[in-house]
2 protein chains.
Amino acid sequence: MNARRPTIADVAREAGVSPSTASVVFSGKTPVSDATREKVHDAASRLGYLGPDPRAASLRRGRSGIIGVVSGGRLGSVFGDPVMRTTMDALADAVAPLGAGLLLVREGSVVAGEPTLLTAPIDAAVLIGCSGLLREHLASVRARGIPVVVIEGDGGEGVPVVALDNRAAQRRAAEHVRDLGHERVVAVTMPTRWDSESGWISADEERSTSVDVTADRLAGFRDVFPDAAAFAGVDSSIDAGVAVGRVIFGGGAPHPTAVVAQTDLLAAGVLRAAEEAGLRVPQDVSITGFDGIVVDGLAPYELTTLVQPAAAKGRAAGEAVAALLAGESPASSSLTSMFREGNTTGPAPAES
Amino acid sequence: MNARRPTIADVAREAGVSPSTASVVFSGKTPVSDATREKVHDAASRLGYLGPDPRAASLRRGRSGIIGVVSGGRLGSVFGDPVMRTTMDALADAVAPLGAGLLLVREGSVVAGEPTLLTAPIDAAVLIGCSGLLREHLASVRARGIPVVVIEGDGGEGVPVVALDNRAAQRRAAEHVRDLGHERVVAVTMPTRWDSESGWISADEERSTSVDVTADRLAGFRDVFPDAAAFAGVDSSIDAGVAVGRVIFGGGAPHPTAVVAQTDLLAAGVLRAAEEAGLRVPQDVSITGFDGIVVDGLAPYELTTLVQPAAAKGRAAGEAVAALLAGESPASSSLTSMFREGNTTGPAPAES
DNA sequence: TTGTATGCGTTATCAT
DNA sequence: ATGATAACGCATACAA
């Protein structure tokens with residue numbers, strides 16, 4: 001009745017070999033004779049030993065095999081975005097060969113006691129779609145020697161970034177709309193802060209936007225329409241888009257003839273709201289999206305949008321992590337989106 | 001130029017206190033005089049010490065603060081389901097007070113080298129929507145003394161399960177459909193295995209279904225319609241439902257007058273396919289779902305469905321983990337779904 | 001309230 | 001190919 005779980009030392013003793021040899025049998029780092037290996041395995045199964053304790057191995061090797069993925073907002077809203085899911089999947093694939101898994105770390109710990117970047121045993125951190133608020137946290141993490149990679153954001157000096165051409169791409173969409181003759185244009189954005197609410201964006205708010213992606217895409221829009229109004233959705237979802245669309249098309253004022261949305265989901269919601277309001281797309285109102293995802297059930301519409309390489313983002317981040325862990329200094333990478341014209345944009349209607 | 005990162009021992013020395021005192025200052029487990037605390041903090045910042053190394057702390061305490069969440073399939077398809085997202089979010093909230101975070105573990109390691117339940121430093125594991133294939137893995141994990149909780153599945157002897165009344169609830173829907181007079185009924189299911197393809201389910205396949213949820217709901221359907229046909233979707237999504245619906249309503253044979261789908265997303269897809277085929281819902285065909293989620297853009301339809309307590313599932317699992325970690329033996333819990341009649345079901349059309 | 005002493009379970013280094 | 005040894009960095013029981 002030995003309550004204690006057997007250790008590798010017990011196994012070694014039972015097998016009549018040294019602890020280091022037993023260790024090597026399990027790790028396979030050094031050649032071992034077949035006879036020895038068998039002795040050790042026998043001893044292990046006799047004792048019910050199931051392999052090295054990951055915690056002890058972590059300490060000794062200085063590696064836990066865990067990579068923290070930090071994202072803004074709640075899991076539900078983060079994973080509600082198909083782009084994020086694709087990216088995360090690609091990231092998981094990319095770090096798996098390193099023997100690493102993904103630990104979900106929620107920014108701004110929703111609940112007290114929750115592990116943070118500073119208290120979790122992570123080998124590296126990937127920041128994705130985070131607000132700038134995290135910047136200070138980041139400093140401590142880096143000071144600790146934990147490699148950091150940022151996806152679409154600014155990590156500061158020496159932090160590799162996987163960037164997307166958000167501003168240029170969004171500008172491209174805005175130009176397309178402008179070239180079609182539209183003048184009454186509204187931007188529909190993702191949240192400006194992770195705790196922010198839906199509503200028209202004031203100049204102040206626009207200046208202090210802390211979500212990098214939102215800010216960058218809005219800047220691209222501003223390059224073409226410096227004075228147009230912008231409305232923030234509560235998140236990136238069809239429902240949020242519908243809510244925004246109802247406000248935009250609901251007022252008595254002349255409705256906009258074009259809406260430049262920051263995501264396909266928002267665009268799909270706006271489109272639906274436009275239909276609700278009795279407007280035809282694209283005859284009465286043009287709508288552009290961003291992401292290039294397949295929006296369930298949007299047919300027969302096909303959004304005019306910017307197709308972004310979601311999986312490539314995850315892969316690039318994974319490769320950067322691998323390089324950092326190998327002691328290299330990977331360069332930042334920059335991915336580009338592709339403009340795709342669908343059937344949701346058309347010439348501005350004649351002034352009525 | 002000391003390359004080595006400072007340890008708590010260095011801090012203690014610098015502060016002129018013992019290592020244990022310094023440790024206590026950081027963990028807060030024991031009262032410390034203000035003066036001492038300050039001395040230690042000063043020394044720490046002077047040395048650039050940022051707190052205890054989580055890896056070493058893990059080993060010493062025997063806890064890593066990490067809970068493995070095992071799910072079938074790829075991240076993308078798992079998190080594509082709103083129910084799963086809600087459950088995961090609630091789970092994350094529930095374990096946060098324990099100081100624990102969630103490590104994503106993919107069943108059947110998609111990529112070689114990926115950490116598994118046996119190699120990751122986890123304190124507990126939560127299995128959610130897994131296939132029975134995992135059963136053997138589970139044995140080793142439990143042998144290791146790692147607590148396990150299963151959400152909607154069978155963990156075997158002594159494993160607390162958070163169950164949903166899948167079978168009874170699905171039976172409820174089937175009865176509703178039968179009571180409306182429907183006889184040509186088809187079940188539309190989630191995948192029967194995680195690697196399975198879409199298609200009519202053969203008797204063999206039905207018997208060997210390894211995804212518990214799929215099997216349970218199908219059994220509930222069978223309680224009422226033992227001989228009806230069943231068609232598996234490639235996953236739980238609107239698109240999968242559309243694909244299934246096109247087959248179901250596309251043939252020359254008389255179309256079914258009712259479809260009992262295993263999820264709301266599948267139901268929504270089937271509904272769309274029915275419309276495509278020129279059928280009216282519910283006059284020509286009745287459709288039921290399962291989950292009770294809000295399906296973006298399904299209005300004006302409101303699915304007849306079973307509303308399941310998604311967040312409660314996550315909370316219950318979190319509480320069970322907490323109890324296990326506290327050395328208790330939590331009982332399994334059983335949650336119930338609520339039948340909600342929408343406007344997608346109606347009397348069977350008269351025989352034509 | 002603080003200090004002393006020990007061991008958590010492993011693996012890397014080096015020698016044999 | 002195998003063995004002896006020494007950390008890895010910390011938190012706890014216990015003593016003072």
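By convention in this document, chain letters (A, B, ...) are assigned in the order of the sequence lines, proteins followed by strands, and residues within each chain are numbered from 1. Only a predicted model underlies this, so the values are computations on that prediction, with no experimental measurement involved.
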Practice task
Let me know the distance between CZ of A:Arg13 and P of D:dT2, rounded to the nearest Å.
Solution key: 19 Å
Problem - Side chain A:Arg60 and base C:dT10 donor-acceptor under 3.5 Å - result: no
Exercise for the section: May I have the distance from B:Arg144 (atom CZ) to C:dG9 (atom C1'), rounded to whole angstrom? Expected result: 11 Å
Practice task
May I ask you to verify if any side-chain N or O of B:Ser20 is less than 4.0 angstrom from the OP1 or OP2 atom of C:dT2?
Solution key: no
Problem - B:Asp123/A:Arg55 salt bridge by N-O under 4.0 Å criterion - result: yes
Handout entry: Donor-acceptor side-chain pairing of B:Ser23 and B:Ser20 below 3.5 angstrom
Key = no
Completion exercise
When rounded to whole Å, the CZ to P distance for the pair B:Arg61 and D:dA13 reads 12 Å
Practice task
Under 4.0 Å between any heavy atoms, over every strand shown, what does B:Thr7 touch: base, sugar-phosphate, or nothing? Just pick one.
Solution key: sugar-phosphate
Practice task
Whole angstrom is fine here: how far is it from CG in B:Asp53 over to C1' in D:dC8?
Solution key: 9 Å
Handout entry: Whole angstrom value for the distance that separates P of D:dC8 from CZ of B:Arg5
Key = 14 Å
Exercise for the section: Tell me what B:Ile8 touches on the nucleic acid: a base, only sugar-phosphate, or nothing, going by heavy atoms under 4.0 Å. Expected result: sugar-phosphate
Fill in the blank from the handout: A:Leu47 atom CG is separated from C:dG9 atom P, nearest whole Å, by 14 Å
Exercise for the section: Check B:Val148, B:Val141, B:Ile151 against B:Leu127 for a side-chain contact (heavy atoms from CB on, under 4.5 Å) and give me the one that passes. Expected result: B:Val148
Exercise for the section: Can you label the angle between the B:Phe79 ring and the A:Phe79 ring as parallel, tilted or perpendicular, going by 30° and 60°? Expected result: parallel
Handout entry: D:dG9 phosphate, OP1 or OP2, under 4.0 Å from B:Tyr49 side-chain N/O
Key = no
Completion exercise
With the side chain defined as heavy atoms from C-beta on, A:Ser18 is closest, among D:dC10, D:dA4, C:dT10, to D:dA4
Handout entry: Pairing of B:Lys39 and B:Asp42 as salt bridge, 4.0 angstrom limit
Key = no
Practice task
List in numerical order all residues of residues 23-40 of chain A for which some heavy atom is under 4.0 Å away from an atom belonging to DNA chain C.
Solution key: A:Ser23
Exercise for the section: Among D:dC10, C:dG9, C:dT11, find the nucleotide with the atom closest to the side chain of A:Leu59. Expected result: C:dG9
Practice task
Find the distance B:Asp10:CG to D:dA7:P and express it as a whole number of Å.
Solution key: 15 Å
Practice task
Indicate yes or no for a side-chain donor-acceptor contact from A:Arg106 to the backbone of A:Leu75 under 3.5 Å, with no hydrogens or angles considered.
Solution key: no
Practice task
Look only at the side chain of B:Thr86 and the backbone of B:Ala310, and say whether a donor-acceptor pair between them is shorter than 3.5 Å.
Solution key: no
